[in-house]
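Because only heavy atoms are used, hydrogens play no part in the values below, and waters and symmetry mates are left out as well, while side chains stay in.
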Amino acid sequence: MTVYDTANRLATEIKESAEYTEYKKLKDSINSNAEKKQKIEDFEKLRYNIQLKAMQGQNADEETKKLQEQYANLQQDEEIKKYFDAEVRFNVLIGDVNKIIAEAVREVL
């Protein structure tokens with residue numbers, strides 16, 4: 001078996017994982033609701049802008065407070081809360097896989 005075969009098998013296993021299937025199901029549901037989709041997009045845009053300001057050494061205290069308020073409001077919607085939770089679980093899975101691969105090739109990088 002080649003590395004490419006293994007990578008393709010891993011991709012299939014990820015797509016069949018509980019983390020992926022739950023996240024995709026919730027993401028599809030959120031995307032089918034224009035209002036919820038827009039709320040999430042607004043939240044993500046604000047989060048991105050805060051990260052950008054932080055990287056540029058700029059103060060983002062006001063935006064951070066607004067982000068926290070938006071997050072608290074979004075958490076009131078059970079479906080959005082589940083979506084955020086599923087997103088975290090999926091990102092942890094992908095992060096763990098990336099860490100395993102990085103550790104395996106660390107000595108040559």
Excluding sequence neighbours, so at least two apart, what forms side-chain contact (heavy atoms from CB on, under 4.5 Å) with [X]?
X: T2; value: Y4, D5
X: V92; value: V88, D96
X: V105; value: V108, L109
X: K37; value: N31, E41

Those residues that, when tested against [X], pass side-chain hydrogen bond (donor to acceptor under 3.5 Å, both in side chains) (two or more places apart):
X: E62; value: none
X: D42; value: Q38
X: N98; value: none
X: E87; value: Y23

* Asked: Hey, any chance I50 and M55 share a hydrophobic cluster, counting ILVMFWY side chains that come within less than 4.5 Å of each other, even indirectly?
  -> no

Rounded to the nearest 0.5 Å, what separates atom [atom1] in [X] from atom [atom2] in [Y]?
X: I94; Y: K99; atom1: CD1; atom2: NZ; answer: 15.0 Å
X: I30; Y: E79; atom1: CD1; atom2: CD; answer: 4.0 Å
X: T64; Y: N49; atom1: OG1; atom2: CG; answer: 11.0 Å
X: L74; Y: F84; atom1: CG; atom2: CZ; answer: 5.0 Å
X: E44; Y: L67; atom1: CD; atom2: CG; answer: 9.0 Å

Applying salt bridge (Lys or Arg N to Asp or Glu O under 4.0 Å) to D61 and not counting sequence neighbours gives none

Those residues at least two apart in sequence (or on a different chain) that pass salt bridge (Lys or Arg N to Asp or Glu O under 4.0 Å) with K27 are none

Identify whether the distance between the nearest side-chain nitrogen and carboxylate oxygen of R89 and E22 falls below 4.0 Å.
-> no

Residues 66-78 vs side chain to side chain donor-acceptor pair (under 3.5 Å), sequence neighbours excluded, gives K36-D77, Y71-Q75

Which side-chain N or O atoms in residues 11-19 pair as donor and acceptor under 3.5 Å with protein atoms at least two apart or in another chain?
unit_1: T12; atom_1: OG1; unit_2: N8; atom_2: O; d: 3.1
unit_1: S17; atom_1: OG; unit_2: I14; atom_2: O; d: 2.7
unit_1: S17; atom_1: OG; unit_2: Y20; atom_2: N; d: 3.1

Closest non-hydrogen contact found for N59 with K53 is O-CD, 3.9 Å

